[in-house]
Amino acid sequence: MSDKATKPAPRLAGVTSFGDDDDDYIAPPPREVRDQAKASGEAIGFVSDRPGAPAARPSVKKRARQPSQFPDHYNLRLREGDRERFDEYAYRHRLPKGEVFGIMLDLLEAKEQAEDK
């Protein structure tokens with residue numbers, strides 16, 4: 001005989017002990033029966049507090065990516081007063097800021113051409 005202590009047998013799912021007998025193993029019910037019992041229990045209001053496996057999401061087709069209406073981005077450093085004037089002009093004339101910027105460029109080019117002549 002060995003001096004090693006014997007480990008107790010691991011507990012099995014569905015094992016109940018009604019006495020000293022070790023042969024009273026009760027097998028757990030099959031998955032279908034457990035799922036049916038869980039569904040009927042949830043139907044009458046018994047909801048598990050343990051989160052189950054996440055439900056599989058239906059595959060959703062992604063939309064085709066639309067081309068950007070404004071593909072170019074431009075950052076300017078403005079003084080506080082200039083920024084306020086620019087925003088106020090765009091608001092006063094009810095124009096998008098991009099159009100106001102285009103108008104400013106057109107005016108600068110016209111002024112430059114007038115100076116060259």
Side-chain angles (χ1 to χ4, degrees):
M1 221 182 209
S2 67
D3 294 334
K4 295 180 182 178
T6 58
K7 291 183 181 178
R11 295 196 62 178
L12 301 174
V15 172
T16 56
S17 179
F18 295 112
D20 293 334
D21 295 335
D22 291 331
D23 297 333
D24 47 344
Y25 174 73
I26 300 172
R31 172 66 66 186
E32 297 83 27
V33 174
R34 287 183 282 165
D35 289 342
Q36 183 181 9
K38 183 177 179 181
S40 62
E42 287 176 352
I44 60 173
F46 293 101
V47 182
S48 174
D49 57 346
R50 293 187 210 156
R57 286 183 167 179
S59 62
V60 177
K61 293 183 180 180
K62 292 186 177 181
R63 294 188 305 152
R65 188 174 194 141
Q66 297 289 330
S68 177
Q69 185 178 1
F70 306 107
D72 296 327
H73 300 281
Y74 201 83
N75 293 322
L76 294 175
R77 294 182 183 179
L78 299 172
R79 292 188 178 100
E80 189 65 31
D82 294 337
R83 174 65 185 247
E84 289 174 1
R85 286 175 50 206
F86 181 81
D87 289 344
E88 187 173 322
Y89 182 87
Y91 177 77
R92 186 173 52 231
H93 294 283
R94 303 296 193 262
L95 294 171
K97 292 178 185 178
E99 287 184 27
V100 174
F101 192 76
I103 292 170
M104 284 184 356
L105 290 175
D106 292 341
L107 290 172
L108 285 171
E109 287 176 351
K111 181 181 177 182
E112 188 177 73
Q113 288 177 357
E115 288 176 356
D116 288 342
K117 289 182 181 180

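Note that the numbering runs from 1 along the sequence shown for the chain.
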| Hydrophobic cluster mates of Ile44, side-chain heavy atoms under 4.5 angstrom, ILVMFWY only, any path? | Phe46

| request: Just grab all the ring pair (Phe, Tyr, Trp, His ring centres under 6.0 Å) pairs involving residues 93-117, residues at least two apart or on different chains. | output: Tyr89-His93

| remark: Contacts of Glu42 meeting side chain to side chain contact (heavy atoms under 4.5 Å, CB included) (sequence neighbours excluded), chain-then-number -> Lys38

| request: Determine which pairs satisfy salt bridge (charged side-chain N to carboxylate O under 4.0 Å, His left out) with at least one residue from residues 74-84, sequence neighbours left out, and list them in order. | output: Asp82-Arg85, Arg83-Asp87

| field | Test salt bridge (charged side-chain N to carboxylate O under 4.0 Å, His left out) applied to Arg94 - qualifying residues, sequence neighbours left out | value | none

| In one Ile/Leu/Val/Met/Phe/Trp/Tyr side-chain cluster, 4.5 Å: Tyr91, Phe86 | no

| Residues clustered with Val47, ILVMFWY side-chain links under 4.5 angstrom | none

| request: For Glu32, enumerate each residue passing the salt bridge (charged side-chain N to carboxylate O under 4.0 Å, His left out) test, keeping only those at least two apart in sequence or located in another chain. | output: none

N/O donor-acceptor pairs under 3.5 Å from side chains in residues 103-117, not counting sequence neighbours:
none

| message | List the residues meeting side-chain hydrogen bond (donor to acceptor under 3.5 Å, both in side chains) with Arg34, not counting sequence neighbours, and say none if there are none. | response | none

| message | Under the rule for side chain to side chain contact (heavy atoms under 4.5 Å, CB included), what residues qualify as partners of Val33, not counting sequence neighbours? | response | Pro29, Pro30

